[in-house]
Amino acid sequence: MHKVIYSSKDTVIENITDFDLGSTLECGQCFRWDKNDDNDYTGIVSGRAARVIQQEGRLVFKNTTPDEVNSFWYQYFDLGTDYGRIKEILSKDDPIMTDAVLFAPGIRILRQPLFETLVSFIVSANNSIPNIKRVISALSRMWGEEFRYDGKTYFAFPGAKALAEGEICDLQLTKAGYRCDYIKRTAGMFFENPLTANDLKAMDYHEAKELLRRFPGVGAKVADCTILFSGSHFRAFPVDVWIKKVMEQLYLKEETPLQKISDKAYDLFGNMAGYAQQYLFHYARMNRI
DNA sequence: CTGCAGGCCGGCG
DNA sequence: CGCCGGCCTGCA
């Protein structure tokens, strides 16, 4: 069980296992965390920010109350889930996965706000990570609420209304290119019919995916990323070029179309396919497959 | 200068 | 229907 300690404005969670802050924040599931000079990270989620540092089994939230850690960040980092058990189940009778989990034993799937995740992955399509971060930062600076934390100013990710009504396509301020139109239209639809991760959870996985795909700029991969990285369904298995290569090379042994890779992933990993995707993705990048 | 980055859309066969 | 070329932008 985790022990939460509060001292001199910091909140510390002790006895954390199967968790690595760096690989969790740098595996490409989130775009608003930056590494500082020290080993700490500063991140913005919705309208709040945190500076976090990991010291082995301790996770320190700088200038943050235990109340905020308990009510928000604990869930966000998915600290209530037993990843040791997940890795054990995935590794059983699977030598490939046994190897893969060792490359990123502390990775976790964040539970991120739905609208922010949806827009972020629309931006991610055919884009590079530095560019994605720039665009999201610009959207927030232009149309997000300003707030302060730890003596600095930050900008919340904008709400659907702000993006739907903002002149986000006319000016070249966000550098989102042709994705501007997708963002604006998606924001408009989202504002008309708001949706939460809990709504998606209440549906069947396929139903949730189909629903998300109705938003412009959302195809199979973006829909799966949104479902997985908002913590809605953990069988979502986003297939990008890396995952395609690693699945073909290690499991399927032949060229396979994208949709079929998704199906095979469910056959192999079932409701834990999403976790498997994270380990395999990390493995592929580390080994430059 | 060309190619490409964690895809999606639309038009064509 | 499934396939495939084009695409904002920044960077190597």
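So that the names make sense, note that chain A is the first sequence line, chain B the second, and so on, each numbered from 1.
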Query raised in the report: Which nucleotide, B:dG6, B:dC9, C:dG10, lies nearest any side-chain atom of A:Y182?
Result: B:dC9

Query raised in the report: What distance, rounded to whole Å, do you find between the two C1' atoms, one in C:dG6 and one in B:dT2?
Result: 16 Å

**Report entry** Distance flag, aromatic centroids of A:Y83 and A:F19, threshold under 6.0 Å
**Finding:** no

Requested in this report: Tell me what A:V218 touches on the nucleic acid: a base, only sugar-phosphate, or nothing, going by heavy atoms under 4.0 Å.
Outcome: sugar-phosphate

Query raised in the report: Reckon A:C27 touches a base, only the sugar-phosphate, or nothing at all at heavy-atom distances under 4.0 Å?
Result: base

Requested in this report: For A:N126 and C:dG5, give me the distance from atom CG to atom P, rounded to whole Å.
Outcome: 15 Å

**Report entry** Sugar-phosphate, base or nothing in reach of A:G28, heavy atoms under 4.0 Å
**Finding:** base

Requested in this report: Look at the aromatic rings of A:F103 and A:Y283 and report parallel, tilted or perpendicular, splitting at 30° and 60°.
Outcome: perpendicular

**Report entry** Under-4.0 Å salt bridge between A:D181 and A:R185
**Finding:** yes

Requested in this report: Identify whether any heavy atom of A:Q172 sits under 4.0 Å from a base atom; if not, whether one sits that close to sugar-phosphate; answer base, sugar-phosphate or nothing.
Outcome: sugar-phosphate

Query raised in the report: Within this structure, what is the CG-to-C1' distance between A:D240 and B:dA5, rounded to whole angstrom?
Result: 11 Å

Requested in this report: Quick one: label A:I243 by what it contacts on the DNA or RNA (base, sugar-phosphate, nothing), any heavy atom closer than 4.0 Å.
Outcome: nothing

Query - Nearest-angstrom distance from the residue atom CD of A:E255 to P of C:dC3 - result: 12 Å

Query - Rounded P spacing from C:dC4 to B:dG6 in Å - result: 23 Å

**Report entry** Any A:R134 side-chain nitrogen or oxygen under 4.0 Å from OP1 or OP2 of B:dA5
**Finding:** no

Query raised in the report: What nucleic acid atoms does A:V222 come within less than 4.0 Å of, heavy atoms only: base, sugar-phosphate, or nothing?
Result: sugar-phosphate

Query raised in the report: Applying a 3.5 Å limit to both distances, which nucleotide forms a Watson-Crick or G-U wobble pair with B:dG6?
Result: none

Query - Atom-to-atom span, CG of A:N127 to P of C:dT9 - whole angstrom - result: 11 Å

Query - Shortest side-chain distance from A:A125, nucleotide among B:dG6, B:dG7, C:dG10 - result: B:dG7

Query - Nucleotide B:dG6, atom C1' - distance to CZ of A:F121 in whole Å - result: 9 Å

Requested in this report: Using a strict 4.0 Å threshold on nitrogen-to-oxygen distance, state whether A:R51 and A:D150 make a salt bridge.
Outcome: yes

Query raised in the report: Picking from C:dC11, B:dG7, C:dC8, which would you name as closest to the side chain of A:R179?
Result: C:dC8

Requested in this report: Take atom P in C:dC8 and the same atom in B:dG11, then report the distance between them in whole Å.
Outcome: 14 Å

Report task. Hey, which sits more toward the 5' end of DNA chain B by its nearest nucleotide, A:V241 or A:R185? Result -> A:V241

Query raised in the report: Expressed in angstrom and rounded to an integer, what is the separation of A:L258 atom CG from B:dG6 atom C1'?
Result: 12 Å

Query raised in the report: Applying the ring-ring contact (aromatic ring centres under 6.0 Å, His included) test to A:F115, which of A:F121, A:F190, A:F191 qualifies?
Result: A:F190

Query raised in the report: A:P130 near the nucleic acid: base, sugar-phosphate alone, or nothing, with a heavy-atom cut-off under 4.0 Å?
Result: nothing

Query - Nearest-neighbour nucleotide for the A:R285 side chain, B:dG6, B:dG7, C:dT9 considered - result: B:dG6

Query raised in the report: So, does the side chain of A:Y178 form a donor-acceptor pair with the base of B:dG7 at under 3.5 Å?
Result: yes

Requested in this report: Measure the distance from CZ on A:R214 to P on B:dC8 and round it to the nearest whole Å.
Outcome: 17 Å

Requested in this report: May I ask you to decide whether A:E210 forms a salt bridge with A:R214, counting only side-chain N to carboxylate O separations under 4.0 Å?
Outcome: no

Requested in this report: Write down the distance between CD1 (A:I168) and C1' (C:dT9), rounded to a whole number of angstrom.
Outcome: 16 Å

Report summary line: A:K175 has its side chain closest, among C:dT9, C:dC8, B:dG6, to C:dT9

Report task. Taking the six-membered ring for Trp and the single ring otherwise, decide whether the centroids of A:Y182 and A:F215 are under 6.0 Å apart. Result -> no

